[in-house]
Amino acid sequence: MKQIILFVMALLFASPTLANDIYITQSGDTLDLDIVQDGQDNEFGDSTTDASLTGDLMTFSITQTGNFNKIDIEIDGNNYTGTWAFTGDSNIVDFTCDATSGVNCETVTANITTNGDDNEFEIYIGETSDSEDLIANFTITGDNSQFINNIDGTDANVTVVSNNSSSL
């Protein structure tokens with residue numbers, strides 16, 4: 001009996017951390033969404049099923065802690081404020097704030113920070129119709145990270161701080 005209990009306890013402590021996959025399609029104004037994901041291999045949307053947020057006056061914040069996490073999100077709305085924080089290695093962010101059905105991502109405030117190595121950020125704001133008032137702050141701490149952006153705005157204030165030895 002003692003051996004069975006020890007075996008069950010060993011299985012509990014040896015079990016891997018499970019990933020959380022979140023897929024949201026949301027439409028409507030005044031969204032306030034906060035997400036926290038801990039562990040590795042977590043996803044908020046992916047290459048086949050984006051997370052999609054549509055509406056005005058949106059606030060969306062996400063914190064991911066761990067390695068190999070991913071965000072693939074499209075935001076469609078006139079006013080968006082977001083704070084994104086990542087800690088860990090080999091994380092991927094694909095963020096699009098675009099125009100659709102008469103909304104243009106006109107006023108966008110985005111603060112994105114990461115601390116870790118080998119992270120990849122692809123940021124597209126105002127692709128089909130320009131953003132009117134953009135304030136974007138990106139802080140990247142770690143080695144071998146990529147920051148790719150395509151920003152179309154009439155008044156775009158973008159700050160990128162890279163605290164590492166080998167960002168692309």
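For this chain, numbers begin at 1 and follow the sequence in order.
Linking ILVMFWY side-chain heavy atoms closer than 4.5 Å, directly or via other members, places V93 and F68 in two distinct hydrophobic clusters. At a threshold of 4.5 Å between side-chain heavy atoms, the hydrophobic network of Ile, Leu, Val, Met, Phe, Trp and Tyr places I148 and I92 in two separate groups. I62 and L33 fall within a single hydrophobic cluster, where Ile, Leu, Val, Met, Phe, Trp and Tyr are joined by side-chain heavy atoms under 4.5 Å apart, directly or via other members.
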Counting only pairs under 3.5 Å, give me each side-chain donor-acceptor contact of residues 109-118, with atom names and distances, residues two or more places apart or in other chains.
unit_1: N111; atom_1: OD1; unit_2: N137; atom_2: ND2; d: 2.8
unit_1: T114; atom_1: OG1; unit_2: N119; atom_2: ND2; d: 3.4
unit_1: D117; atom_1: OD1; unit_2: D143; atom_2: N; d: 2.7

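D32 CG to T59 OG1: the interatomic distance, rounded to the nearest 0.5 Å, is 5.0 Å. Summarising the geometry, atom CG belonging to D76 is positioned 4.5 Å from atom OG1 belonging to T54; distances are rounded to the nearest 0.5 Å. Between the OG atom of S90 and the NZ atom of K70 there is a distance of 13.0 Å, given to the nearest 0.5 Å. Rounding to the nearest 0.5 Å gives a distance of 12.5 Å between CD of E120 and CG of N144. Summarising the geometry, atom CG belonging to L53 is positioned 5.5 Å from atom CD1 belonging to I75; distances are rounded to the nearest 0.5 Å. The distance from atom CZ of F95 to atom CD1 of I73, rounded to the nearest 0.5 Å, is 7.0 Å.
Using a 4.5 Å heavy-atom threshold, the side chains of T65 and F86 count as separate. You'll find the side chain of I135 stays beyond 4.5 Å of the side chain of V108, heavy atoms only. Side chains of I140 and N163 form no contact here, defined as non-hydrogen atoms less than 4.5 Å apart. In this structure the side chain of T81 never reaches within 4.5 angstrom of the side chain of M58, judged on heavy atoms. Counting heavy atoms from C-beta on, the side chains of I125 and L134 come closer than 4.5 Å. Between Y124 and D94, some side-chain heavy-atom pair lies under the 4.5 Å cut-off.
Partners of Q37 by side chain to side chain donor-acceptor pair (under 3.5 Å), not counting sequence neighbours, listed by chain and number: Q64. A search for ring pair (Phe, Tyr, Trp, His ring centres under 6.0 Å) contacts involving F60 returns F44, W84, not counting sequence neighbours.
At least one donor-acceptor pair closer than 3.5 Å links the side chain of D56 to the backbone N or O of N78. At distances below 3.5 Å, at least one donor-acceptor pair connects side-chain atoms of N91 with backbone N or O atoms of N69.
Ring centroid separation for the pair F138 and F147 comes in under the 6.0 Å cut-off.
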